[in-house]
Asker: 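Before we start, here is the structure in question, set down as structure tokens.
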2 protein chains.
Amino acid sequence: MAAQRGQRGGPGRKSAESAAPVGSGAPAASEVTTPMPAVDEQRARSIPEAAVARLAVYLRVLSAMAEQGATTVSSEELSSSAGVNSAKLRKDLSYIGSYGTRGVGYEVDVLVGQIERTLGLTHNHQVAVVGIGNLGHALANYGGFPGRGFPVAALFDVDEDLIGVPVGGLAVNHIDEIPLVCAQRGISIGVIATPPAAAQAVCDRLVAGGVESVLNFAPVVLQVPEHVEVRKVDLAVELQILSFHVARRADDDEETEPAANGQAKGVDRVVIGR
Amino acid sequence: MAAQRGQRGGPGRKSAESAAPVGSGAPAASEVTTPMPAVDEQRARSIPEAAVARLAVYLRVLSAMAEQGATTVSSEELSSSAGVNSAKLRKDLSYIGSYGTRGVGYEVDVLVGQIERTLGLTHNHQVAVVGIGNLGHALANYGGFPGRGFPVAALFDVDEDLIGVPVGGLAVNHIDEIPLVCAQRGISIGVIATPPAAAQAVCDRLVAGGVESVLNFAPVVLQVPEHVEVRKVDLAVELQILSFHVARRADDDEETEPAANGQAKGVDRVVIGR
DNA sequence: TGCTGTGAAAGCTTTCACAGCT
DNA sequence: AGCTGTGAAAGCTTTCACAGCA
């Protein structure tokens, strides 16, 4: 086997390869903690992963609306601005509670507040960026990250020439200091923007420093302990998915004969162009 | 405003908000006006969206293995390196055909070839990057994009000082030239790395230039014609999802301490002892 | 014997469509 | 009248588990 690493993850390791999908913190094998069917108090816990991602989008749209002076929105307005349909939006919002007024709509700031609370944005999460190349720079200068609440509190790189250099107003530290610095500054989210070969080692150090959430830009499947959450953004994968759609479209086009047949639906016209 | 733009989907427009994270579901994309495509006309083209994203990952892992001299892999090996379970991997591969040998495994290069074919990587897709800031630079220098097959063939920006300047060996053009240049160079994928305010206008120009696939890094919901595919990567959203998990974890941990939780939202916080 | 390929079951998500407030 | 909140249906995905071939 060649694989990326000791692939067998070893004890207590899981591999993370969630594109967007995030595996699910749910312990697949070991039942670890969660044997509790518990009371209906687990409302917040049961928000579908997919809905969480959309809540973040709604929040952005709502913030923009609030900035423009809007005080209320209907599910129809908000959903179309967010690019989803209204039923989905209402369902998503229902997961965090009932904050709308029937016949009227939602109050913008109430919604903003509730979504922020749900996403845990009420207390800041210190972010560390590792790998200060072009991408790292971009991330470090992202202005505290839009949607605020994510101050970049530490930067790391291997390059000696970068150590101590301020980037976006923060000095770069050497990656060997990751565990120490992360612990000291209470970093809760680590962003990996290093070359793939260095990613796993960096990740291990982040974990050693107490980081439990990682956003990985390196094209590698990271192996992490069970309790660490990893999300990844992979450029090549995104492009390949687009490529797939381009190819599919091309196929469809040539497959659909010039038959101007239009819509003859209602009939079992299995066109299958030879 | 409320919305980002003509929000009403208008004529032939749809809004796109797919997560990069494909993940989760991935396609939160299309909605609104689905021109009800002939439901029955598909063939092998019906590979689940989620599987497509994973195929790209398998491809990366397989390439690495091939580079190390491996000639065959079992579903177990490949799946663990890719961070998924073997059943899922086999199911995913089954969508593209039966290229394995029972009792043995898969031949690495056969699989590589088939996945590349499926993803449409056999013929190059010219890529244009718009917005040459830190992120744009990072993208332009991504070395033809890992997983090759995606040559960056055009760069655009508004900044007059950048026009003509070579970045990663390619001169920057003004965004007004997007339609022309894209058409001339046969760009099939456009990457938007501009500030949010400029994204929609840039997207419109890309579409005018014949681009049918867009990868959007700007935190905006783009409105595009029905035939255009959009995928988005949103830093803030990713961080917020991680934040949600951090918060959830924290809640679980205390699970007993009342912790003066602000709004209890109409639910009796039953403190489950356990 | 060992490992792939796959129906079928189980789990999620999305969509429908309508009861219930304002 | 208008719009939210939600069971229930419909659609996807993932997981199971095993027949089938090398």
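Convention: sequence-line order gives letters A, B, ...; per-chain numbering from 1. In this text, all values refer to a predicted model and were calculated from it rather than measured experimentally.
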Asker: Side chain of B:Arg102 only, heavy atoms from C-beta on: which candidate in D:dT4, C:dG5, D:dT13 is closest?
Answerer: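 Closest nucleotide to the B:Arg102 side chain: C:dG5.
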
Asker: What is the distance, rounded to the nearest whole Å, between atom CD of B:Glu76 and atom P of D:dA17?
Answerer: 16 Å

Asker: From C:dG5, D:dT4, D:dT14, pick the nucleotide closest to the side chain of A:Arg90?
Answerer: D:dT4

Asker: Calculate the interatomic distance between B:Glu107 atom CD and D:dA22 atom P; express it in whole Å.
Answerer: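 One finds 15 Å between P of D:dA22 and CD of B:Glu107, rounded.
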
Asker: Closest heavy-atom contact between B:Leu222 and B:Gln200?
Answerer: CA-OE1, 3.5 Å

Asker: What integer distance in Å separates B:Gln114:CD from C:dT4:P?
Answerer: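 Between P of C:dT4 and CD of B:Gln114: 17 Å.
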
Asker: With the side chain of B:Ser74 defined as its heavy atoms from C-beta on, choose the nearest nucleotide among D:dT4, D:dT6, C:dT4.
Answerer: C:dT4

Asker: Side chains of B:Ile115 and B:Tyr99: closer than 4.5 Å at any heavy-atom pair?
Answerer: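 Side chain of B:Ile115 against side chain of B:Tyr99, heavy atoms only: no contact under 4.5 Å found.
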
Asker: Measure CD/A:Glu49 against C1'/C:dT14 and give the value in whole Å, please.
Answerer: 16 Å

Asker: Which is more 5' along DNA chain D, the nucleotide nearest A:Gly103 or the one nearest A:Asp92? Just name the residue.
Answerer: A:Gly103

Asker: Whole angstrom is fine here: how far is it from OH in A:Tyr58 over to C1' in D:dT4?
Answerer: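 It is 14 Å, rounded to the nearest whole Å.
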
Asker: Compare the minimum distances between each of D:dT6, C:dT22, D:dT14 and the side chain of A:Thr101, then state the nucleotide with the smallest one.
Answerer: C:dT22

Asker: Whole Å only: how far is the CD1 atom of B:Ile47 from the P atom of D:dT14?
Answerer: 14 Å

Asker: Let me know which of A:Glu49, A:Glu212, A:Arg231 forms a side-chain hydrogen bond (donor to acceptor under 3.5 Å, both in side chains) with B:His245.
Answerer: A:Glu49

Asker: Between C:dG5 atom P and B:Leu89 atom CG, what is the distance in whole Å?
Answerer: 10 Å

Asker: So, is B:Asn85 close to the D:dT14 phosphate, meaning a side-chain N or O under 4.0 Å from OP1 or OP2?
Answerer: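 Looking at the OP1 and OP2 atoms of D:dT14, neither is under 4.0 Å from any side-chain N or O of B:Asn85.
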
Asker: Rounded to whole angstrom units, what separation is found between the CG atom of A:Leu78 and the P atom of D:dC3?
Answerer: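 Atom CG in A:Leu78 sits about 14 Å away from atom P in D:dC3.
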
Asker: Taking only the side-chain nitrogens and oxygens of A:Ser75, find out if one of them lies under 4.0 Å from OP1 or OP2 of D:dT4.
Answerer: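 Result: yes.
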
Asker: State, to 0.1 Å, how close B:Arg249 and A:His227 come at their nearest heavy-atom pair, and which atoms those are.
Answerer: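 Nearest heavy atoms, B:Arg249 then A:His227: NH1-O, 3.1 Å.
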
Asker: Identify the heavy atoms of A:Val211 and A:Val214 that sit nearest to each other, and give their distance.
Answerer: CG1-CG2, 4.3 Å

Asker: Side chain of B:Ala50 only, please: which of C:dT14, C:dT4, D:dT14 is the nearest?
Answerer: D:dT14

Asker: From C-beta outward on B:Tyr106, which listed nucleotide comes closest to its side chain: D:dT6, C:dG5, D:dA22?
Answerer: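 Taking heavy atoms from C-beta onward, the closest nucleotide is C:dG5.
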
Asker: Using a cut-off of strictly less than 4.0 Å, decide whether B:Lys91 has a side-chain nitrogen or oxygen near OP1 or OP2 of D:dT13.
Answerer: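 The answer is no; no side-chain N or O of B:Lys91 sits under 4.0 Å from OP1 or OP2.
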
